[in-house]
Structures are given as C-alpha cells and as structure tokens.
Amino acid sequence: MSLTLYNTLTRRKEAFQPLEPGTVKMYCCGVTVYDYCHLGHARSYIAWDTVRRYLEWRGYQVQYVQNFTDIDDKILRRAREEGSTMDAVSEKYIAAYFEDMDRLNIRRADEYPRATHTIDGIQRLIHELETKGIAYATDGDVYYAVRSKTDYGKLSGRKLEDLEAGASGRVDEEVVKKKDPFDFALWKAAKPGEPFWESPWGQGRPGWHIECSAMVRDRLGDSIDIHVGGGDLIFPHHENEIAQSEAATGKPLANYWLHNGMVNVGGEKMSKSLGNFTTIRDLLDKGGVDPMVMRLFVLGAQYRKPIDFTDEAIAAATNGWKTLKDGLLFGYEAGATLGWQNVTTAWPQDKLDPQAIVAFQTSMDDDINTAGALAVLFDLAKKLQREANLLIHQGQTETASDQLEVQWHTLVALADVLGLEVQPMVKEAEVSGLSDDAIEDLIAQRSAAKKARDFAEADRIRNDLQAQGISLIDQPGGGTRWHRTV
RNA sequence: GGCGGCAUGGCCAAGUGGUAAGGCAGGGGACUGCAAAUCCCUUACCCCCAGUUCGAAUCUGGGUGCCGCCUCCA
C-alpha cells in the first residue's frame, strides 16, 4: 500500500514519493498576525497537523516548517488603530496563535520563521532574480516580471492571456510602475512612518509572496516534498512563490502541493471581509465547545472539501466526541477492574488490532481520508462503550479482557494519529463525600422502600445519590448496581 | 467571462465498474413501579438526460445547481 495525495499541481492523486527516502520536508503557509485566528485557520492547521502526524505514523521523519507573516499593511493598520507598534501587534497575535493551536492539540512545527527575521534571505533572493533579469526595480519598488517565466500559472491553471487586467476595477499607482499588470511586488519602497529595512533598492520592506520562497529555501532547501496551505492561497500566493523560487533555483519548489477546502457559513466562505467569522477562542470559550469537538468536526470531512460551520454540525460533533471519548477513557476506567497491568505504559505497535490498522491506513493512504478513518475509530469506540456498559450493568464484559486491551490501545493509538486525545479524569471519589459502605447502605434503604412500594422515598434516595454523582442501575433480578459518574 | 472543485438517505459523510461504510438525528420493540442505562430491529436505487458495459453512484458526453479563486485571505 502506498500513500496517495491529491496534488494541485497535476490535479490528480499521486503516489507519495519523498525526495529522500524516509524523510519529508513540509512547509505550511501560516497566518498574517494581525488578529485572532478563526475557524478557517483552525480547519487548515488541523488538517496539516493531521497530515504531518500521519506521515510520522507511517514512519517518515518529517521536518515541518510554518511561517508567520509579521510585516504587512494590515498589521500596520492594526498598530495604528491600537496605538501600538507593528512588533507589538505581531507578538500579541503570535502568542494568541500558539494559545489557540495548542488547545486544538495542533503539534508545534519544528520552526516558525518570521518575515522580519528573514530579511537577508529575502534580499538575496530578490537580488538573484534581478541579476537573472527576472526582477526589475522602479522607484524603490522591485517587481517580478511574470512574462519572463513561460510556465507562469501552472499551479492555478491560469494563462496570462486569460487574466483580465484590472478586473477588480482597482487602479493604484503600482499599476503605473509595473511593466505588466500581473507583475507583483518583491520589495516595496517604505512609506513615511512605516518600518523599513535598508536595501540595495533603498529603504523598504518585502512583498508578501517572497518571504515564503526565502524561508523555504533557508530552512528546507531549494526543493521540498510537500507545500500546504489554504485553497485560497493557490492564486496568487503559491503561484508567485513557485515563480520566484523556480526562476531563482531552476528546480521545482515542491513536488506536492496540497490545499485545504474552506470553512463555510451559510454556504459562503468564512472570511474577515464578510464578517461571518467565529474566532477559535470564542468557539471554545464563549461557545463552550471542547477543542476535540472542533477537531472532530474538521476531520469529519476530507480536507479538500468545503465544510459548513453550523450549530447542528457542532452539536453532532459534540455527540460523536462523547462516544469516542467514552471509548478512549475505557482503559482508564475499566482497565483496573479487568486486571490490566498498567494502562499508562506504552503499548507495542505490533500488538495493535491488525484489522483496524489496515482499515485505518487504507483510508488515510487515500489522500488523507479522515472521514473514512473515523469510521474505524467509531467501530472500536462503540464496541468499547458497549462493553463498558455491560461491565457497569452486569458486572462483566462479553469480550475477553486481553482482547479489549488490544482494542483499546488500538483506538488510543489511531486517535492519536488524528490528534484526538482525552485526558484521563482524576477519579474524584471524594466528591460525593460518601463512602462505598454509606452508598450501599442507602441503596439498601431504597430497596426496602421499593419493596414497601414507597416509590416516592425510593426516588428521593436515587435522586439524592444522583445529585452527588452516584448513578443507580436497577437490574432485572431485583439487585441494584451503582457507579460514580463524573 | 476564465480556471478549478463539488453534487450520495432528515443533516454530515465514505464508497471510483459488480446491486450503497460510518457519524448525528428519528422511529419501533425489550427491560423498568417510573427512570436511567443497556439490548434488538428499522429509514437511500446515489442531481437530470444520453451513451459505453453482461453490469455504473462509480467511466464518457451534454445539461442543471452550488462553492472557491481570478483583490488581502487558511
């Protein structure tokens, strides 16, 4: 079996073949740090985090780099609005980014280069392009001449002839300076009062696309395996990255280009400009949504498809997560009863349930089909959930303990590949303040009340116990079992 | 207008040639004093038309609808 990925460059699924066996160089386009991240960002980074986790699970050593764009008009505007500085705004939202993503259990990249820390590399690259006659400077700006690259447009499938100049109706002074309306800025002359760096072209700052080209080259080399980002970055951002890098190096920038689908609200893309966005922190804090629910919501669809963010979808994911969570907690809650040695020690990879592993891998190998992979998790979780209930209600499981142990570890291992984790609850036996004996005693009183057909009293005792986190289960034979919830 | 993608049950979503995974929601039943939990059963001919084929949700052509990009954007 081999992993196949849909490559935007070829518009086909292709078998994944790294440049160097066993290792994967992966670059992810990060955020411009001028505001809190919204669910669109969450979707994107959950998707790529999952790809990374899966590659590692498949045995690859992954080098994962993600940038921060920390110089940009919007950041500067924000700084003005907040009476702050560009650096302060960047720092604030970078910190917020990490807070949000950590909560979503998105593993940190190996490196987070920033545009403002990559000025040297950016200038070197621009200079190289200039030397090769691909870039030209005018009035302190430097532009990339798109006509100089014959395959410009290969990623997005655009042809320069098909593009309509000024289709957006916007005309600014930049247009006048450009040789071709589709030329884009590599370097922008400083405007009064804005941060700038000295350069051969005068004081100024980098354009947007060039930073990624420079960072990829600095951190990962001329050619990498996988370049990922939101589908809205295909054009012009990634197209321009390719143009810059490949014109400079003469080598492919990336062999596989992966793009995630958008998060929609009411059928429309969630975006800042439409004002229909929900920030991650609002969803998690004000919405009271478990971060794992967000993850499950995202993973419920294949990463390339658009997903609609609705209350119903979150509600469904919430219920789904409860099932998975029950399954993931099984070992912690029932392991001791079932005589398992130690639920926290590592479980050997080769002792996982082979059928589940194969099913999971088959789905994931098919362009990271997480929806299919989740079906495997649900199968395991439902089974464990059922066994847990049998254990609580009947005092024994149907399946042998050692088999359950394998299934539980398999579920935990596979869920981990999807970044779905549960923190085992600390058993709060003291919460009720009642000893086991006291509980048994109350149950005996209730049984007596029931026998006397004093159901009001029986229900009162049951409700009291329930309020203290003790659930009672009347059994067909007449006995009553109990267990602590929470 | 150009480029790309999508269209599967009430909702979400797998399945890419052999008579439709899974999740959520719903219905029926068992059990119970009631309840909770549990257990069992149950809901699709895959947007439309034509074609290829012994056979198509799955391939081809056409149509319709929706989304994204073409301006900053995950």
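Below, all heavy atoms of this structure are taken into account, side chains as well, without hydrogens, waters or symmetry copies. Values in this document were obtained by computation on a predicted structure and should not be read as measured data.
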*Asks:* What contact category does A:Gly261 fall into here, base, sugar-phosphate, or nothing, at under 4.0 angstrom with non-hydrogen atoms?
*Replies:*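 Base, at least one base heavy atom under 4.0 Å.
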*Asks:* What about A:Tyr332 and A:Trp408, are their ring centers closer than 6.0 Å?
*Replies:*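 Close enough - the centres of the two rings lie under 6.0 Å apart.
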*Asks:* I'd like to know if the side chain of A:Asp454 and the backbone of A:Glu457 have a donor-acceptor N/O pair within less than 3.5 Å.
*Replies:*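 Judged by distance alone, yes, a pair lies under 3.5 Å.
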*Asks:* Counting side-chain heavy atoms from C-beta on, which of B:rG68, B:rA74, B:rC24 comes nearest to A:Thr323?
*Replies:*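 So the nucleotide nearest the side chain must be B:rC24.
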*Asks:* Scan side-chain atoms only and decide if A:Gln385 and A:Asp326 contain a donor-acceptor pair under the 3.5 Å cut-off.
*Replies:*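 Yes, a side-chain donor-acceptor pair sits under 3.5 Å.
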*Asks:* Please state how far atom CE in A:Met101 lies from atom P in B:rA74, giving the value in whole angstrom units.
*Replies:*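 To the nearest whole Å, that distance equals 10 Å.
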*Asks:* Report yes if a side-chain nitrogen or oxygen of A:Lys269 is closer than 4.0 Å to either non-bridging phosphate oxygen (OP1 or OP2) of B:rC69; otherwise report no.
*Replies:*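 Answer yes for this pair, as a side-chain N or O of A:Lys269 is under 4.0 Å from OP1 or OP2.
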*Asks:* I need the CZ-P distance between A:Phe360 and B:rG22, as an integer number of Å.
*Replies:*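 In whole Å, B:rG22 P and A:Phe360 CZ are 18 Å from each other.
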*Asks:* Please test A:Tyr303 against A:Asp367 for side chain to side chain donor-acceptor pair (under 3.5 Å), starting from the C-alpha separation and ending with a verdict.
*Replies:* CA-CA 9 Å; A:Tyr303 75 88; A:Asp367 196 28; 2.8 Å; yes
*Asks:* Pick the P atom in B:rG9 and in B:rA20, then give their distance to the nearest Å.
*Replies:*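 It comes out at 15 Å once rounded to the nearest Å.
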*Asks:* How would you label the contact of A:Phe455 with the nucleic acid (heavy atoms, under 4.0 Å): base, sugar-phosphate, or nothing?
*Replies:*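 Since a base atom lies under 4.0 Å of A:Phe455, the category is base.
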*Asks:* Counting Watson-Crick and G-U wobble pairs only, both distances under 3.5 Å, name the nucleotide matched with B:rA30, or none.
*Replies:*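 Base-paired to B:rU38.
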*Asks:* Sticking with atom P, work out how far B:rC6 lies from B:rA37, rounded to a whole angstrom.
*Replies:*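 Between the two P atoms, the distance is 41 Å.
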*Asks:* Please pick, from B:rG4, B:rC6, B:rG2, the nucleotide with the shortest atom-to-atom distance to any side-chain atom of A:Arg158.
*Replies:*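 Of B:rG4, B:rC6, B:rG2, B:rG2 is nearest to the side chain of A:Arg158.
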*Asks:* Please report, rounded to the nearest Å, how far the C1' atom of B:rC39 is from the CG atom of A:Leu391.
*Replies:*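 To the nearest whole Å, that distance equals 16 Å.
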*Asks:* Under a 3.5 Å cut-off for both contacts, is B:rC59 paired Watson-Crick or G-U wobble with anything, and if yes, with which nucleotide?
*Replies:*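 By the stated definition (distances under 3.5 Å), B:rG51 pairs with B:rC59.
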*Asks:* From the options B:rG15, B:rC24, B:rC3, select the nucleotide whose nearest atom is closest to the side chain of A:Asp366.
*Replies:*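 Nearest nucleotide to the side chain: B:rG15.
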*Asks:* From the options B:rG33, B:rG15, B:rC72, select the nucleotide whose nearest atom is closest to the side chain of A:Asn369.
*Replies:*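 Comparing B:rG33, B:rG15, B:rC72 against the side chain of A:Asn369, the answer is B:rG15.
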*Asks:* At 4.0 Å (heavy atoms only), tell me whether A:Leu374 reaches a base, stays on the sugar-phosphate, or touches nothing.
*Replies:*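 Nothing, no heavy atom under 4.0 Å.
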*Asks:* At 4.0 Å (heavy atoms only), tell me whether A:Ala375 reaches a base, stays on the sugar-phosphate, or touches nothing.
*Replies:*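 Base, at least one base heavy atom under 4.0 Å.
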*Asks:* Whole-Å distance between B:rG5 P and A:Asn260 CG?
*Replies:*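 After rounding, the gap between these two atoms is 17 Å.
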*Asks:* Check whether any side-chain nitrogen or oxygen of A:Lys322 sits under 4.0 Å from OP1 or OP2 of B:rG23, and answer yes or no.
*Replies:*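 Checking B:rG23 against A:Lys322, no side-chain N or O comes under 4.0 Å of OP1 or OP2.
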*Asks:* Looking just at side-chain N and O atoms, do A:Asp365 and A:Tyr54 make a donor-acceptor pair shorter than 3.5 Å?
*Replies:*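 The criterion, which ignores hydrogens and geometry beyond distance, is satisfied for A:Tyr54 and A:Asp365.
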*Asks:* How far does the C1' atom of B:rU58 sit from the matching atom of B:rA21, given to the nearest Å?
*Replies:*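 Result for the C1' pair: 15 Å, nearest Å.
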*Asks:* Under 4.0 Å between any heavy atoms, over every strand shown, what does A:Lys305 touch: base, sugar-phosphate, or nothing? Just pick one.
*Replies:*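 The answer is sugar-phosphate, as A:Lys305 gets under 4.0 Å only of primed atoms, P, OP1 or OP2.
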*Asks:* Could you state the NZ-P distance from A:Lys13 to B:rG15, rounded to the nearest angstrom?
*Replies:*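 Taking NZ of A:Lys13 and P of B:rG15, I get 6 Å after rounding.
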*Asks:* A quick test of your reading: do over 12 heavy atoms of other residues, nucleotides or ligands sit less than 6.0 Å from CD of A:Glu99?
*Replies:*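 Result for CD/A:Glu99: enclosed.
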*Asks:* Without swapping roles, check the side chain of A:Glu82 against the backbone of A:Val89 for a donor-acceptor pair under 3.5 Å.
*Replies:*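 Here the side-chain-to-backbone pair does not exist.
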*Asks:* What contact category does A:Gly40 fall into here, base, sugar-phosphate, or nothing, at under 4.0 angstrom with non-hydrogen atoms?
*Replies:*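 Base, at least one base atom sits under 4.0 Å.
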*Asks:* Is the number of heavy atoms from other residues, nucleotides or ligands within 6.0 Å of NZ (A:Lys322) greater than 12?
*Replies:*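 Counting other residues, nucleotides and ligands, NZ of A:Lys322 stays at 12 neighbours or fewer.
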*Asks:* With the side chain of A:Asn319 defined as its heavy atoms from C-beta on, choose the nearest nucleotide among B:rA74, B:rC24, B:rG33.
*Replies:*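 For A:Asn319, the side-chain atoms sit closest to B:rC24.
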*Asks:* Could you work out the separation of B:rU16 and B:rU60 based on their C1' atoms and round it to a whole Å?
*Replies:*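 Roughly 14 Å separates the two C1' atoms.
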*Asks:* Using a 4.0 Å heavy-atom cut-off, does A:Thr318 contact any base of the nucleic acid, only the sugar-phosphate backbone, or nothing at all?
*Replies:*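 Nothing: the residue A:Thr318, judged by heavy atoms under 4.0 Å, touches no strand.
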*Asks:* Contact class for A:Arg446 (heavy atom, under 4.0 Å): base, sugar-phosphate, or nothing?
*Replies:*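 Result for A:Arg446 = base.
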*Asks:* Please tell me if A:Arg304 has a side-chain N or O lying less than 4.0 Å from either OP1 or OP2 of B:rG5.
*Replies:*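 No.
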*Asks:* I'd like the C1' distance from B:rG26 over to B:rG10, given in whole Å.
*Replies:*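 So the two C1' atoms sit 8 Å from each other.
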*Asks:* Mapping A:Ser363 and A:His41 to their closest nucleotides on RNA chain B, which lands nearer the 5' end?
*Replies:*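 Checking each residue's closest nucleotide, the 5'-ward one belongs to A:Ser363.
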*Asks:* Rounded to whole angstrom units, what separation is found between the CD atom of A:Glu457 and the C1' atom of B:rC34?
*Replies:*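 A:Glu457 atom CD is separated from B:rC34 atom C1' by 16 Å.
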*Asks:* Do A:Asp474 and B:rC34 have a side chain to base donor-acceptor pair shorter than 3.5 Å?
*Replies:*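 Yes.
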*Asks:* Would the base of B:rA36 count as contacting A:Arg462 through its side chain, where contact means a donor and an acceptor less than 3.5 Å apart?
*Replies:*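 No such pair is found, so the answer is no.
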*Asks:* If you find the nucleotide of RNA chain B closest to A:Asn389 and the one closest to A:Pro306, which residue's nucleotide is nearer the 5' end?
*Replies:*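 Between the two, 5'-proximity favours A:Pro306.
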*Asks:* Salt bridge between A:Arg103 and A:Asp285, side-chain N to carboxylate O under 4.0 Å?
*Replies:*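 A salt bridge links A:Arg103 with A:Asp285.
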*Asks:* Assign A:His38 to base, sugar-phosphate, or nothing according to its heavy-atom contacts below 4.0 angstrom with the strands shown.
*Replies:*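 It contacts base atoms.
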*Asks:* Please walk me through it: do A:Phe184 and A:Leu186 pass side chain to side chain contact (heavy atoms under 4.5 Å, CB included)?
*Replies:* CA-CA 7 Å; A:Phe184 54 91; A:Leu186 298 169; 3.9 Å; yes
*Asks:* Sort out the partner of B:rG68 for me: Watson-Crick or G-U wobble, both distances under 3.5 Å, none otherwise.
*Replies:*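 Partner of B:rG68: B:rC3.
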*Asks:* Counting only Watson-Crick or G-U wobble pairs whose two distances fall under 3.5 Å, which nucleotide matches B:rC46?
*Replies:*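 Paired with B:rC46, as far as the under-3.5 Å criterion goes, is no nucleotide at all.
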*Asks:* So what does A:Ala313 touch, heavy atoms closer than 4.0 Å: a base, only the sugar-phosphate, or nothing?
*Replies:*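 Result for A:Ala313 = nothing.
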*Asks:* Taking the side chain of A:Tyr6 as heavy atoms from C-beta outward, which of B:rG5, B:rA74, B:rA13 is closest to it?
*Replies:*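 Side chain of A:Tyr6 sits closest to B:rG5.
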*Asks:* Could you give the distance separating B:rA56 and B:rC46 at their C1' atoms, to the nearest angstrom?
*Replies:*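 It comes out at 11 Å once rounded to the nearest Å.
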*Asks:* Measure the distance from CG on A:Asp367 to P on B:rU16 and round it to the nearest whole Å.
*Replies:*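 Taking atom P of B:rU16 as the reference, CG of A:Asp367 is at 13 Å.
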*Asks:* Contact class for A:Tyr45 (heavy atom, under 4.0 Å): base, sugar-phosphate, or nothing?
*Replies:*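 Sugar-phosphate contact only.
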*Asks:* Determine which nucleotide pairs with B:rG9, using a 3.5 Å limit on both distances of a Watson-Crick or G-U wobble pair.
*Replies:*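 Paired with no nucleotide.
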*Asks:* Which part of the nucleic acid, if any, lies within contact of A:Asp35, taking any heavy atom under 4.0 Å across all strands shown: a base, the sugar-phosphate backbone alone, or nothing?
*Replies:*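 The residue A:Asp35 makes no contact with any strand.
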*Asks:* In whole Å, what is the span from the CG atom of A:Leu299 to the C1' atom of B:rG23?
*Replies:*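 Nearest whole value for this atom pair: 13 Å.
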*Asks:* Do A:Asp459 and B:rG33 share a donor-acceptor pair, side chain to base, under 3.5 Å?
*Replies:*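 Donor-acceptor pair under 3.5 Å: yes.
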*Asks:* When rounded to the nearest Å, what value does the distance between P atoms of B:rA25 and B:rU19 take?
*Replies:*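 So the two P atoms sit 30 Å from each other.
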*Asks:* If you check the A:Arg386 side chain, which of B:rC67, B:rU38, B:rA74 turns out closest?
*Replies:*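 Looking only at heavy atoms from C-beta outward on A:Arg386, the closest nucleotide is B:rU38.
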*Asks:* In whole Å, what separates the C1' atom of B:rU42 from that of B:rA74?
*Replies:*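 About 42 Å, rounded to a whole number of Å.
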*Asks:* Name the nucleic acid region contacted by A:Val376, choosing base, sugar-phosphate or nothing; use a 4.0 angstrom heavy-atom cut-off, strictly under.
*Replies:*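 Nothing: the residue A:Val376, judged by heavy atoms under 4.0 Å, touches no strand.
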*Asks:* OP1, OP2 of B:rG23 versus side-chain N and O of A:Lys382: anything below 4.0 Å?
*Replies:*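 A:Lys382 to B:rG23 OP1/OP2: side-chain N or O found under 4.0 Å.
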